[in-house]
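Accompanying notes for the structure given below.
The chains referred to below are lettered A, B, ... by the order of the sequence lines, with proteins before strands, and numbering in each begins at 1. Computed from a predicted model, the values in this text were never measured in an experiment.
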Protein chains: 2
Amino acid sequence: MNTVSNKQVGIQDVAKAAGISTATVSQVYNNKGEVAAATRERVLEVGSKLGYRPNAIGQALRSGKSRVIGIVVSYRDSAVWEQTYMPYYRNIIAGAAIEAVEHGYSISAAASSADGRIETYLPLDGVIVVDPVPGDPIVEQSLKNGRAVVTDGGYQAKPGAQLATVHADMAQAIPDMLNHLARRSREAPLRPALFVGPRLDDYTVSTIESYRHWCTTHGVASRVASLAPGQAPTDAARELLAASTDEVNAVHCLNETYCNAITTAAAELGLSIPGDLQVSVTGNSKAIGADPRVAYLNIDPVETGAICARTLIAMLEGDPAQSVAQEVTLVPAADATDPAAPAAPTAAPATG
Amino acid sequence: MNTVSNKQVGIQDVAKAAGISTATVSQVYNNKGEVAAATRERVLEVGSKLGYRPNAIGQALRSGKSRVIGIVVSYRDSAVWEQTYMPYYRNIIAGAAIEAVEHGYSISAAASSADGRIETYLPLDGVIVVDPVPGDPIVEQSLKNGRAVVTDGGYQAKPGAQLATVHADMAQAIPDMLNHLARRSREAPLRPALFVGPRLDDYTVSTIESYRHWCTTHGVASRVASLAPGQAPTDAARELLAASTDEVNAVHCLNETYCNAITTAAAELGLSIPGDLQVSVTGNSKAIGADPRVAYLNIDPVETGAICARTLIAMLEGDPAQSVAQEVTLVPAADATDPAAPAAPTAAPATG
DNA sequence: GCTGCCGCCTAAAACGATTTAGGTCTGATG
DNA sequence: CATCAGACCTAAATCGTTTTAGGCGGCAGC
C-alpha cells in the first residue's frame, strides 16, 4: 500500500497511466473539447484510482485567476477604528470567508496604502471594499487595475465599471424606525437625536439625510451629535444627553458602540430606557448581549460579508454586475409593559 | 502616458528592458547568487520604473507553496454549532485573517468531510484546527498529507509531528476563578456548578477535570451540567438552577451562550446576581454587551486566531514547532458593593 | 479515386517564476 | 604563455495546467 504518496499526482501521471495525452485528460476534467465516451470513462477511472486532483496553482497560472478575493476597509487609520469599525470589519471578514470557501475562493484581509494600492501576496481577482467614501482611492485603483469590486455601502462609479454595491436602504429604514419610536413614545411629539461617527461614508451620509428629512417633515428640530475624532463615545453621549435632556426623548445610534455609550450615559443621568429615553440602533440584534431595551434596525454584518462575497463571486464567474439591496428589519425593543423583564442581556433568539 | 498597462509586467519584461537574463533578475529580487552591484542597481531601477512585482502564482507553482492557510473547525455538524461554536469560529477566522495578511498569507475557511479530508481550491500550506477531539481525523489527515498543523486547544500528536498547539491553561485558570468566587461569596462554602457543552474536546475535558479537582480539594460536591445535543441552553440552565437552587451558589459556564442562558434562568427564578448566585464564564470580557455582573476568564477569540496564525506561519517559515500557552486573565465582576452600578451592559473598557 | 468532413486525439506553446549547471570573461600565478 | 580561480552571468529545465493548431483515420458524396 502506498498510502503515503511521495509526490502529488499530476495530470501527467494520469495521462501516462491512461496511455493518453495530457490535453485529453484536461479536456475530460473540464468537459471541453470532444472526447470519446470510452476514453473519458477510462481517464476518470484512472484519475480517481490515482487520487488525482487538478492542481489549483497550475490552473491559476494558466488562467490568470487566483480565486482569491480581498477585503479592504476604506479607512483604517480612523481614531474610532479599534472601538467601532474593527468589530464590524471582523464580522464582514468571517462572513465573506465562510461564503467564499463554498465557491472555491479564499480570502485575504488586505491592508491598503493611502493611494489605494492594495498589498497582498497572491494577486486578487476581486475586492470587497467596506464603507468607501465618495471617490475612494481603493475602489478607483482596483477598478483601474481591472479588478471587480463590490462595495459594502453605496458608491457612485462610472457607468460600465465592474462594480456592484451591497447596501441597506436607509432612506426607508430610518423613517420606519422613527415612526415606530413615535408610536411607542410616552410623550408626543417624538424628538429624536442622531448619534453618528466622524466618517462621512455613504452609510452615515444617507442616514443623516434620511433623519433630517424625517425631522423636517414632522416639524421637529434635528440634532445630530457627531463623535469628534479621538473623543470617547461615552463622553460624546454624556454631552448629548446632558445638553438636551429636556429636548430629546429618543436617540438613534449608528452602531452598537455608540448605543452602549448612550445607555451608559443614560443610566448615569438616571434616565430609564425606554421610559424616559427611547434608544434605537442600526446593528445586529441577534448578537450575544444585544440590549432588549433598545430597538434595532437589524443588520447582521456576517450576513453582509456573505452577500458581498456572493455578489463578487457571481461577477467573477461572468454574471453582470448587479447591486444588492440588503434587507434591514426593524426589531422592536422588548415590550416595555412588562416591568419584570430582566434588564440584563438575554440570550439570542433561536431563529433568525 | 501608459498609465493603463495592458499586461501585468513580468520578470521577462524587466530582463529585456535591463538587457539581461531573467535568471539574474530573479537573483536580484531574491538576494541570491552573485550579482554585480551595478547590475543589481540597474535591475531594481528598471523594475521599479516598470512597476514590476513578482507574480505570486508563478512563485507558488515553482516553490510548491501557496501561502494559503486553512481554518477548519473540527466538528461542524454539532447541534450547538450555530448557537455556540459559530460565533467563536468567526472570531478565530477574523483574527487569523488579519494576522495572516501581515505575513503575506491568505486564508481559507475550509470545510471538511467526515474522514478528515479538507476541500479547498488552492492547496493549503498549513491548517488551523479549532477544538480538535483526541485523534481528530482532520488533524491526522493533514499531518499525513505533510501539512503543518496548529490546533486551537490541546492535542496529543506523535512526537516529531509538524504540530503546535495554542491553548489556555485551564488547570490554572479554573481554580483561580473558583478561589476568586469563594472569596467574594456571601456564604461559605462556595458550592459551584459547571455548565458545559456536549463536545468532549480538550478545552471541555480539562475544564471539567480542573473543576472536579477543585471540588474534591475543597470538600464540596461537584455538579457538572452538560447540555444535551439538541437541547436549548436556556432549558438546561433552568433545569440546573431549579434542581439545585439550595445547593449551588455559583455557576461557571464554558462560553457566553451558556452564560446568557444562566443569567436569563436566574432572572426567571428571582435569583440576583451576584448576590444569590455568582456567575462566571470563560470568554471575551471585552465583547460588546459583556455582562458586568459576571466574572470572566477572559480569552479573546480574535486574539486566539491571530496567535494561531502567527504560530503556524512561523512553522511554515522554518521555525521549529512551538506550542503557545495562551494567556487567560481573570476579570472580576463589577464591584457588587456599588448597587447603583447599571445592570445594563456597559461600554467596553478602553484599553486591553 | 479524390475530396472534404467529422470525430478523436496530440504536440507544443503558453502562463511566470526559480534554480542548476555551466559558460565567458578578467586577472593573477606558475 | 598556459592555467586556474573567481566573478558574473545565462540557457534551459522545471513546476502543473490549458489551449491552439493541426494530424490521422474513416466515411460519405461526387
Please determine, by modelled atom types, if A/Q326 and A/T304 share a side-chain donor-acceptor pair under 3.5 angstrom. yes

If only side-chain N and O atoms count, and only distance matters, is there a donor-acceptor pair under 3.5 Å linking B/R117 with B/N145?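 Per modelled atom types, B/N145 and B/R117 side chains form no pair under 3.5 Å.
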
Rounded to the Å, how far apart are [X] [atom1] and [N] [atom2]?
X: B/Q8; N: C/dA14; atom1: CD; atom2: P; result: 19 Å
X: A/E34; N: D/dG22; atom1: CD; atom2: P; result: 17 Å
X: B/Y29; N: C/dG16; atom1: OH; atom2: P; result: 16 Å
X: B/L61; N: D/dC15; atom1: CG; atom2: P; result: 9 Å
X: A/N30; N: D/dG16; atom1: CG; atom2: C1'; result: 13 Å
X: B/K16; N: C/dG16; atom1: NZ; atom2: P; result: 12 Å
X: A/N55; N: D/dG16; atom1: CG; atom2: P; result: 7 Å
X: A/I11; N: D/dT17; atom1: CD1; atom2: C1'; result: 6 Å

Show me the pairs that pass ring-ring contact (aromatic ring centres under 6.0 Å, His included) and involve residues 108-150 of chain B, at least two apart or across chains.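 Listed once each, the pairs would be none.
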
Can you build the contact string for nucleotides 20-26 of chain C? Use B for base contact, S for sugar-phosphate-only contact, and - for no protein heavy atom under 4.0 Å. -------

Could you check whether any side-chain heavy atom of B/I118 comes within less than 4.5 Å of a side-chain heavy atom of B/S142, counting everything from C-beta outward? yes

Report the nucleotide, chosen from [options], that has the shortest atom-to-atom distance to any side-chain atom of [X].
X: B/R62; options: D/dT19, C/dG16, C/dT10; answer: C/dG16
X: A/T24; options: D/dT17, D/dC8, C/dC9; answer: C/dC9
X: B/I20; options: C/dT10, D/dT10, C/dT18; answer: D/dT10

Phosphate-side-chain proximity, B/K32 and C/dT18, N/O vs OP1/OP2 below 4.0 Å: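 For B/K32, the contact criterion (side-chain N or O under 4.0 Å from OP1 or OP2 of C/dT18) is not met.
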
Please work out if [X] contacts a base, only the sugar-phosphate, or nothing of the nucleic acid, heavy-atom cut-off 4.0 Å.
X: B/T39; result: sugar-phosphate
X: A/Y52; result: sugar-phosphate
X: B/I57; result: nothing

Flag the pair B/K158 and B/E140 as a salt bridge only when some basic side-chain nitrogen lies within less than 4.0 angstrom of an acidic carboxylate oxygen. yes

Provide the closest heavy-atom pair for A/Y105 versus A/D125 in the form atom of the first, atom of the second, distance. CE2-OD2, 4.4 Å

Of A/T22 and A/R40, whose closest DNA chain C nucleotide lies nearer the 5' terminus? A/R40

Surrounding CD of B/E327 (heavy atoms of other residues, nucleotides or ligands, distance under 6.0 Å), is the total greater than 12?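 Atom CD in B/E327 is not crowded, with 12 or fewer foreign heavy atoms closer than 6.0 Å.
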
